[in-house]
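Contents: one structure, followed by commentary.
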Amino acid sequence: MGALFSLYLASSAETRAEDDVRRAFAIQRDVYQVHALLAEAAAGVRGYALTREDRFLAPYYTSERDLPVTLTRLEEAIKDETVRPRFIELLKVTQAKRDGLRATIALTQSTTQPSTQQIERSLIANKLALDAVRTEIDNIQKLESVVLDERRALVDDVRTRFLALTAVSGIVGLLGSLAAVYLFSTGIVRRVSKLEGDAERLARGERLEAPPEEADELGRLGQRLSRASALLREREDDLRASEERFRLVIEQVRDYGILSLDKEGIVTSWNMGAERIKGWRTDEIIGQHFSRFYPAETRDFQPDKMLERARVNGTAEDEGWRIRKDGSKFWADVVITALRGEDGELQGFAKVTRDMTERRRSEEDLRLAREEAVAANLAKSEFLSRTSHELRTPLNAILGFGQLLEIDEDSFSKPHRDAILQIAKASRHLLALINDLLNISSIEAGAEEVEIEEINIGQLLEEARALADPIVKAAGLRFDIDLPCANATVQADRRRTMQVILNLVSNAAKYSTNGTFVRLGAEEANEQITVFVEDDGPGVDPANRSRLFTAFDRLGQQKKPNSEGTGLGLALSRSLVESMGGVIDYEPLDQGARFWFSLSCNVVPRIDPQPVQ
């Protein structure tokens, strides 16, 4: 009875020890399960961020499904007061890791295309979070190992205390009791010790051999440990394969030179894009300082300046000339990012370079073309001005002699009088053309000053009507006028405003071949006065809309081939209105056309007009 009682007590102690061992093994298994799920999820999210393919998110969704269950089991299993605080920290870093993965997915799925730097920073943050999880897991494993040793010591103590009693009881209980104790010691304890050894090897990441098939709980526990070891090894292999694929993607990028630098600026990695852009092979540039890429005039200060900016601000960006291996220069866009560890200590730098030479060349060509266009326009204006002045001298002689002939035209026969009339008419037309050319060239050259004053727009329209009334009546049209309120005023140059109104009215009367009226009026709205001229003639062909304000382009010539005109009226009007800070335009009516220009009711600065094309 003493032997049986002692065996019962020892068996109870061993059972409790086995329960503690199982719980320790379950904790180790679930802890590694947490790490494996997060590692797989991180690899999947990284693949999704780089490729945007939804298939990479399968491990992430599996992790989100299984991780809460595993953490719940751990919370129920971990009772030790020394391990419990580390488990709380594990929950925090695990949640931080999950939040980081969600943030990376949200960044990738955002409507605005994320930059490479944003994705890279997010991936680095996720890696650091995974490292924090791994650190907490290691802490838990160390504490669990201590607890397991304590439990093992407790088992040893129980075994020691009851060993004497068992020996005495075994002697009293004869050889049967001794045989029972022997079988117990060589069976259960040996297998428990083997399970403890397997747990330690699993903690070190070693591969476990498959145990023999056994039907009892210890046998099943050993088999589960073996399967956990195989699963962990398989997931670690997948993680390494994923990291290798990511490394290959970086190395195979051809449009961007991606390299890493140590804290002093020494090149430590080099991808294919960097080799294509700069010409050096990996074995030629690793270990060299990155200042080698800078031209001599900036090599002594610019590299250190870029590294310092990256240290302080986290990143530094620059555009400038860089040197290839063959000595040729290329225009580069460079981004240097500081890489820091979990403790914030600087580990090195990541450098991304893009060849922007073609864009730089295009911008330079565009600038030169713009300068040439400006020079050509100035040359044109100067040519028009000089030509117009040179034409005035002989034209004044023609006009003078023509006027002398007109004085004595009664003494000439009718054919001669008709010839004199044509000479005078052609001379006046040529004079109007020269005056318009001089006006345009003067406005473009800024030679004419704008005399802005407050003008009563109603009075100005009345004066314009009086001046243009003979032109409209000569065309057989009715001349209507819509006046604004009596005190409506505008800030403008009186002479130029009158010239624009007369140009628009003259055009309406000239080209309204089948119309009945010309209407002149003004409207006031939003501190602007809009002067308009309308008619009910044929209007403007929509195909010719873009040619309306082009110099020397007489769109109505085909309808009235015998009408006089220089083709400069609308172009000159636009220049005059814009020199006063206004806007001029055209809009079609159901029947006819409407030309208008707007001027401010307030004082406006001079705006250089657009050059006449």
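Everything quoted here is computed from the prediction, not taken from an experiment.
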Is the count of non-hydrogen atoms from other residues, nucleotides or ligands lying under 6.0 Å from [X] atom [atom1] greater than 12?
X    : atom1 : value
N526 : CG    : no
R465 : CZ    : yes
E53  : CD    : yes
K325 : NZ    : yes

Check for a donor-acceptor pair, side chain of [X] on one end and backbone N or O of [Y] on the other, with a separation under 3.5 Å.
X    : Y    : result
T51  : G47  : yes
D493 : R495 : yes
R574 : D585 : no
D333 : E319 : no
S269 : S260 : yes

Salt bridge check: are [X] and [Y] linked by an N-O gap of less than 4.0 Å?
X    : Y    : result
E308 : K305 : no
D536 : R478 : no
R367 : E363 : no

Please name the pair of heavy atoms, one in [X] and one in [Y], separated by the smallest distance, quoted to 0.1 Å.
X    : Y    : answer
Y586 : A593 : CE1-CB, 3.4 Å
I481 : L461 : CD1-O, 3.8 Å
N271 : I258 : OD1-N, 2.9 Å
W280 : E275 : O-CG, 3.3 Å
L599 : A492 : CD1-CB, 3.6 Å
I457 : V531 : CD1-CG2, 3.9 Å

Point to revise | F479: partners by ring pair (Phe, Tyr, Trp, His ring centres under 6.0 Å), with sequence neighbours left out | key: none
Practice item. State yes or no: are the ring centers of W270 and F293 separated by less than 6.0 Å? Key: yes
Pairwise side-chain contact, [X] with [Y], heavy-atom cut-off 4.5 Å (strictly under):
X    : Y    : value
D482 : F532 : yes
V472 : F517 : no
P588 : V540 : no

Practice item. Take V500 and F597 through the side chain to side chain contact (heavy atoms under 4.5 Å, CB included) test and state the conclusion after the steps. Key: CA-CA 9 Å; V500 173; F597 65 92; 3.7 Å; yes
Review point. Run the salt bridge (charged side-chain N to carboxylate O under 4.0 Å, His left out) check on R361 and E364 step by step: do they pass?
Key: CA-CA 5 Å; R361 184 178 295 111; E364 185 66 18; over 6 Å; no
Exercise for review: Assess whether side chain to side chain contact (heavy atoms under 4.5 Å, CB included) is satisfied between F330 and K278, documenting all intermediate values.
Suggested key: CA-CA 9 Å; F330 69 99; K278 301 185 179 184; 4.1 Å; yes
**Study point:** Residue pair N503 / Q499, side-chain donor-acceptor N/O under 3.5 Å
**Key:** no
Exercise for review: For the pair Q528 and C601, evaluate side chain to side chain contact (heavy atoms under 4.5 Å, CB included) and give the outcome as yes or no after the intermediate values.
Suggested key: CA-CA 5 Å; Q528 294 276 331; C601 296; 5.7 Å; no
Point to revise | Derivation and outcome, side-chain hydrogen bond (donor to acceptor under 3.5 Å, both in side chains), residues S579 and R496 | key: CA-CA 9 Å; S579 70; R496 294 186 178 191; 3.0 Å; yes
Exercise for review: Go through the steps to decide whether E453 and R494 satisfy the test side chain to side chain contact (heavy atoms under 4.5 Å, CB included), and finish with yes or no.
Suggested key: CA-CA 7 Å; E453 59 180 314; R494 187 181 190 87; 3.6 Å; yes
